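Since the structure is predicted, the reported quantities are computational estimates derived from the model, not experimental observations. For this chain, numbers begin at 1 and follow the sequence in order.
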Amino acid sequence: MSQQGYVTAPPYSQSQPRMGGFSAGFGPPNSALHYGHYGDPNSSHAAPQPGMSKPTAPLGSPAPLGPLPPGTHQFSQNNFQSGPSAAGQQPHRFQSPPPPNNTGPSYPPGGLQSQPASQNIASASCTTQLANQLNSMQINSYGPGAIQSSHTSSGHPASFQGPQPLTQHQMALPPGPQIPPPANNFSGLGAQSSLPSMARQDGIPGSGLPNPNLQQLSGQTPGPGYHPQQANYGPQMAGSQLSYPGAFPGGPAQLSGPPQKKLDPDSIPSPIQVIENDRSSRGGQIYATNTRGQVPPLVTTDCLVQDQGHASPRYIRCTTYCFPSSSDMAKQARIPLAAVIQPFATVPQNETPLYVVNHGEAGPIRCNRCKAYMCPFMQFIEGGRRYQCGFCNCINDVPPFFFQHLDHIGRRVDHYERPELSLGSYEYVATLDYCRNNKPPNPPAYIFMIDVSYRNINSGLVKLICDELKTLLDKLPREEQEESSAIRVGFVTYNKESRSVVHNLLDQIPEMFADTNESETIFAPVIQAGMEALKAAECAGKLFIFHSSLPTAEAPGKLRNRDDKKLLSTDKEKTLFQPQVSSYESLARDCVANGCCVNLFLFPNQYVDVASLGLVTMHTGGTLYKYNNFQLNSDSPQFLTDLRRDIEKKPAFDAIMRVRTSTGFRATDFFGAIYMNNTTDVEMAAVDCDKAVTVEFKHDDKLNEDSGALIQCAVLYTSISGQRRLRIHNLGLNCSTQLADVYKACETDALINFFAKSAFKAILSQPLKAVREILVSQTAHMLACYRKNCASPSAVSQLILPDAMKVLPVYMNCLLKSSVLTGRPEIPTDERAYHRQLVTSMGVADTQLFFYPQLLPIHNLDLQSDAMPAAVRCSEERLSEGGAFILANGLSMFLWLGVSTPPELIQGLFNVPSFAHISTEAQTLLPDLANPYSKKIRSIVEHIQNQKPYTMKLMIVKQREQPEMLFRQFLVEDKSIHGGASYVDFLCCVHKEICQLLN
């Protein structure tokens, strides 16, 4: 072929059915209020705000679509006996008789009895009805709000291998007198929420009365071999008491009567089981992206992705891979339609890197109308001389240099030789038209700016930084084909690259400021100076700022200490997350306009106003690192590893991202470390492999089931070598008129990413209490809509969860218990602002681990195996006195040791003879010992560290010692000492909300 240069893609032996989407047509925009947004809690007519949703009708009312689709159940308000399932058969359920004399349920010989399976709406496989005494609403003599609860059989949720038909999980209550939930006049998120006000665990009064209809569960007993905590280092965790809507002030001491038995945690859906099921069915396999709308393996499953026409899930993940065909359906389901886009995600070495297409001076081929780039969704017609755009249906002429004949099925004969025709992701070399001032960009520069105030000099931090920076010239990123990096380096006002000059300067800096007694610092002028230096050099770049204190000196950006605990739980609490002065907003805008990214390394020992200092970092696509009470000996490894990894990254500079869609829907909201001057262009001074942008979509017309919903993400950027490029990602989703199809294609991990980012954005403008209530309501609405329209008829006492969302409640509860959404005096304001900023730019894998940490038992390892230990549920019940566990959430890592940890394990790890000899003082690294235990566990720690962008400082925790209180905050299935409900309690809360909606 004689066309201009491009890199050919390897031919594939497999055809690619249903890749393209055409002829969706145009239609008038839908003027109705969109779903999926936060609204003013006091008004049902408030304009939508970025975030979540506002329904147009209560779920108990008739569906807005008129007659429901065939096979969908229309439940009446008072009963659920609406007829058989879609296939005319009874659903497959597990039934257990009532427990006699308050003992566990008895089962007939042979175990649980099952009936013939229902095919449901989408050929559903079996649904399990677990005899959980969840939210039973029974009247008894134990006092208001208490329920009588007995043990259920132990067992995990049914496992499902690979992609499955629609399935649902049912949790049933035993027969007995029932009090139906009160009717709920819910009229949307914009209306006054039906949820009662929050109440606090430790006696801080809530703003409303407790709800007498919400049941309370007794406290959970410790697991086998793990005795109750008896130490005197703080308040004991109260029993399982709801701290969300409807909570009771006070603890279990209010209850009277005989002790109650707990609910078996094994009988409710387990995130660990879901992860393991997906790994066993899809792990280690090839995932080919040749089918539109297919649901990828979970982010926790290792697989080999083969691009065959749609972008890899490493680059784009969606909340659902089947969009509802109309806005009315979307409002009914209340499932947010969103994509989490990580455009520069790292791909494993065994996967093909992106091909670079170069059309020379002609540049990329684009649709004349919508400006979409050439991709697999374009359909060639008229013998190859023209093509129809898959996004807007416009007919375009094919440029002469790009012409090629079609084969017998209408496909170009060079289809598999051109990445832009056969792959979901690829890059274009951009022409001068895509460059600032139509000039080729210069290679980017890095400028290191060090706070040399008294404390930093005195602590040894400045010398540590300078010593490390002497090695940075060897770590600068470069293109694979280049011998050296093109990046220029500056230190404050120096701009040389000479190695000797750099070394001399870095040797001199600690000496120059050795006698300083200056304690006041500035901040904004430092960024301004760095930005001006990049501007003068006519290049994009990155500032590395090392800072430790509140900038109180008289200068632009001066800040005061505004850390006021009295604002917690008030309408003014949101101001703690907003920048203190407006100058940081304008500084961020200027930095983005000049391609100046700001990386901030903070070393605070008191309040520094992260919400203000971190704003420029967040809007410029930078990364914020924070090392509280930095100690040279114990914290240096964490800081230096973060610094080295950041310098070695290959960021894209001066980036602009545009998300285009096919007709019928559009991108409306964006969440991430981004800046937006208008409603369509996502600007980032830099973006690296760990940054993700979450994009929400809304309908503006009906979607066509045949053509589907198509998404194209295009990122224009400058590479580290100074080349202007375009990175393109294409993804096709299905559309359906059946709600069951939408639920079946949902991805819980992506949903939580969206809910977290939208909620963390909403707290800037709304009270935290309102945001929390909206999250609970949204969860209940999604599950109630499934129950009403997709599930087989069942008793109101059953909690029914769609298979793809069965762990949504536990993840949502983890989000609600996060420090950002839990305003407590014990949680530093800066820590909340820091977590909020980090989550805002996280991808799906990072939010999954952040909200549900990994808990690994390491006391029974196979030392001969290379496999990672199997994780257990994140609950105190899984711990044991004779065990040792590693817990990690991407920011923090703990090694928890039980009082009876085997001596050989302790000797192997710490080289001391017993538990009592272990010192946890300032120990953040495991000793490097030459024995199997040490090598194995250090390799596990290293593996976990290498998966995540932040270096996790290891904290050694001994059972029943004070640091254990911090560790227990990460056991997210349990009740939190900061007022969060347990997983079981939150299920009760959600179930009650669902019942109210359905009645």
Side-chain angles (χ1 to χ4, degrees), residues 3-10 289 305-316 341-349 351-367 371-378 399 401-402 414-436 440-441 443-444 477-482 486 540 595 621 649-660 681-684 686-693 711-731:
Q3 282 80 8
Q4 280 126 316
Y6 57 87
V7 184
T8 59
T289 67
V305 180
Q306 191 176 85
D307 187 341
Q308 294 190 14
H310 295 268
S312 163
R314 303 191 196 282
Y315 297 122
I316 305 181
I341 304 174
Q342 203 164 336
F344 293 88
T346 302
V347 297
Q349 291 186 343
E351 291 183 14
T352 308
L354 296 194
Y355 292 101
V356 180
V357 180
N358 189 350
H359 289 321
E361 293 182 2
I365 299 171
R366 306 178 67 179
C367 171
K371 302 303 179 183
Y373 293 88
M374 178 57 65
C375 69
F377 304 145
M378 307 301 190
F401 79 88
F402 196 69
D414 64 348
H415 178 86
Y416 291 112
E417 298 171 11
R418 287 195 176 273
E420 68 271 37
L421 299 183
S422 57
L423 299 178
S425 299
Y426 43 88
E427 290 197 333
Y428 283 114
V429 175
T431 60
L432 292 179
D433 294 339
Y434 294 85
C435 302
R436 287 181 188 267
R478 58 183 173 83
E479 300 284 8
E480 291 184 7
Q481 69 274 15
E482 294 179 349
K649 285 179 182 177
K650 295 182 180 180
F653 291 95
D654 204 7
I656 300 177
M657 185 174 92
R658 175 75 69 90
V659 177
R660 293 178 172 86
D681 292 331
V682 178
E683 298 183 57
M684 298 165 281
V687 53
D688 61 38
C689 57
D690 300 312
K691 301 295 189 297
V693 179
I711 299 169
Q712 183 179 84
C713 168
V715 184
L716 174 64
Y717 73 99
T718 300
S719 71
I720 53 175
S721 62
Q723 187 179 47
R724 202 68 173 152
R725 291 183 183 173
L726 282 150
R727 178 168 287 211
I728 311 294
H729 298 297
N730 304 286
L731 184 66

Taking all non-hydrogen atoms of both residues, which atom of [X] and which atom of [Y] are closest, and how far apart?
X	Y	result
Pro376	Asn730	CD-ND2, 4.0 Å
Tyr355	Leu423	CD1-CD1, 3.4 Å
Gly360	Thr431	O-CG2, 3.4 Å
His729	Ala311	CB-CB, 4.1 Å
Cys435	Pro440	SG-CA, 4.4 Å
Leu731	Ile316	CD2-CG2, 3.7 Å

Any donor and acceptor pair, going by atom type alone, linking the side chain of [X] with main-chain N or O of [Y] inside 3.5 Å?
X	Y	answer
Gln342	Cys689	yes
Arg724	Tyr434	yes
Gln712	Tyr373	yes

What distance do [X] atom [atom1] and [Y] atom [atom2] have between them, rounded to the nearest 0.5 Å?
X	Y	atom1	atom2	answer
Gln308	Tyr416	CD	OH	7.5 Å
Cys713	Arg660	SG	CZ	10.0 Å
Thr718	Arg436	OG1	CZ	8.0 Å
Met684	Met657	CE	CE	5.5 Å

Mind checking side chain to side chain contact (heavy atoms under 4.5 Å, CB included) for [X] and listing every partner two or more places apart, or none if nothing turns up?
X	result
Pro399	Ile365, Phe401, Phe402
Arg478	Glu482, Ser485
Pro477	Tyr446, Ile487, Lys650, Ile720
Val347	Arg314, Tyr315, Glu351

| field | Set of salt bridge (Lys or Arg N to Asp or Glu O under 4.0 Å) partners for Asp688, sequence neighbours left out | value | Lys649, Lys691

| query | Are Pro441 and Asp654 close enough that some pair of their side-chain heavy atoms sits under 4.5 Å apart? | reply | no

| said: Contact between Gln723 and Glu427 at the side-chain level, heavy atoms closer than 4.5 Å - yes or no? | reply: no

| said: For His359 and Met374: C-alpha separation, side-chain torsions, deciding distance, then whether side chain to side chain contact (heavy atoms under 4.5 Å, CB included) applies. | reply: CA-CA 12 Å; His359 289 321; Met374 178 57 65; over 6 Å; no

| Which residues share a ring pair (Phe, Tyr, Trp, His ring centres under 6.0 Å) with Phe344, sequence neighbours left out | Tyr717

| request: For the pair Thr352 and Asp307, evaluate side chain to side chain contact (heavy atoms under 4.5 Å, CB included) and give the outcome as yes or no after the intermediate values. | output: CA-CA 9 Å; Thr352 308; Asp307 187 341; over 6 Å; no

Sequence neighbours excluded, which residues qualify as side chain to side chain donor-acceptor pair (under 3.5 Å) partners of [X]?
X	result
Arg658	Asp681
Ser312	none
Ser719	Glu479, Ser721
Tyr428	none

